[in-house]
Amino acid sequence: QVQLMESGGGSVQAGGSLRLSCAASGDTGSLKYMGWFRQSLEKEREGVAAIFVRSGSTYYADSVKGRFIISQDNAKNTVYLQMNSLKPEDAAMYYCATSTAWPTNFGILNALGYKYWGQGTQVTVSS
């Protein structure tokens, strides 16, 4: 079992920055990859960024490339999402997710490939 706890959400003006954190606990030694997803009332859940725990390889949705950076501190079992140049359309509930199995059937930004989810942290961006 793995537990995830997000933090760092809040309100920011367009063009501003926020850093989200996701702390994992439990069976952290088995984690294969971690991702950030977001969902708003207007849109379906969207994979934003992901990172493979061992290699550190990162993946991003086109909508956030060049603006968001996913990183990890393995000693703290924590993944971060640095969000820069925020736009009103980035406003959403952001969720951290992870899996202890390899994503054999789904893309790394597909929510179906993740088993464990956090409760989410709200990000609001005002224009």
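Note that the coordinates shown come from a computational prediction; the quantities given were computed from them, not determined experimentally.
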side-chain contact (heavy atoms from CB on, under 4.5 Å) assessment of Val125 paired with Lys87: CA-CA 6 Å; Val125 184; Lys87 305 175 181 179; 5.6 Å; no

Test log, rule side-chain contact (heavy atoms from CB on, under 4.5 Å), inputs Met34 and Tyr114: CA-CA 8 Å; Met34 298 186 73; Tyr114 291 77; 5.7 Å; no

Test log, rule side-chain hydrogen bond (donor to acceptor under 3.5 Å, both in side chains), inputs Gln122 and Ser11: CA-CA 8 Å; Gln122 184 69 46; Ser11 296; over 6 Å; no

Worked verdict on Ile70 versus Tyr60 for side-chain contact (heavy atoms from CB on, under 4.5 Å): CA-CA 8 Å; Ile70 187 171; Tyr60 297 93; 3.4 Å; yes

side-chain contact (heavy atoms from CB on, under 4.5 Å) assessment of Met5 paired with Cys22: CA-CA 5 Å; Met5 178 66 71; Cys22 173; over 6 Å; no

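Listed here is the closest heavy atom pair of Ser63 and Glu46: OG-OE2, 3.0 Å.
Checked by atom type and distance alone, the side chain of Thr98 pairs as donor or acceptor with a backbone atom of Tyr33 at under 3.5 Å. Proximity of a side-chain donor or acceptor of Arg38 to a complementary backbone N or O of Ala92 within less than 3.5 Å is not detected. The backbone N or O of Gln119 lies less than 3.5 Å from a partner atom in the side chain of Glu6, making a donor-acceptor pair. For the pair Lys32 (side chain) and Thr100 (backbone), a donor-acceptor distance under 3.5 Å is present.
In this structure, Gln82 and Ser17 have side chains that are in contact, with non-hydrogen atoms separated by less than 4.5 Å.
Side-chain contact check for Tyr80 and Arg19: no donor-acceptor pair (N or O, by modelled atom type) lies under 3.5 Å. Side-chain contact annotation: Glu89 with Ser40, donor-acceptor N/O pair under 3.5 Å absent. No side-chain N or O of Asp73 forms a donor-acceptor pair with one of Thr78 less than 3.5 Å apart.
Rounding to the nearest 0.5 Å gives a distance of 6.0 Å between CG of Asn84 and CD1 of Ile69.
Under the 4.5 Å side-chain heavy-atom criterion for ILVMFWY residues, a single connected hydrophobic cluster contains both Leu31 and Val79.
In this structure, Arg45 forms a cation-pi arrangement with Tyr95, its terminal cationic atom sitting closer than 6.0 Å to the ring centre and no more than 45° off the ring axis.
Exactly one of Val64, Thr124, Val12 qualifies for a side chain to side chain contact (heavy atoms under 4.5 Å, CB included) with Leu86. That residue is Val12.
With respect to the salt-bridge test (charged N to carboxylate O, under 4.0 angstrom), the residues Asp62 and Lys65 qualify.
Within 6.0 Å of NZ on Lys115 lie no more than 12 heavy atoms contributed by other residues, nucleotides or ligands. At most 12 heavy atoms of other shown residues, nucleotides or ligands fall within 6.0 angstrom of atom CG in Leu41.
Ring centroids of Trp36 and Phe68 are separated by 6.0 Å or more, keeping the two rings apart.
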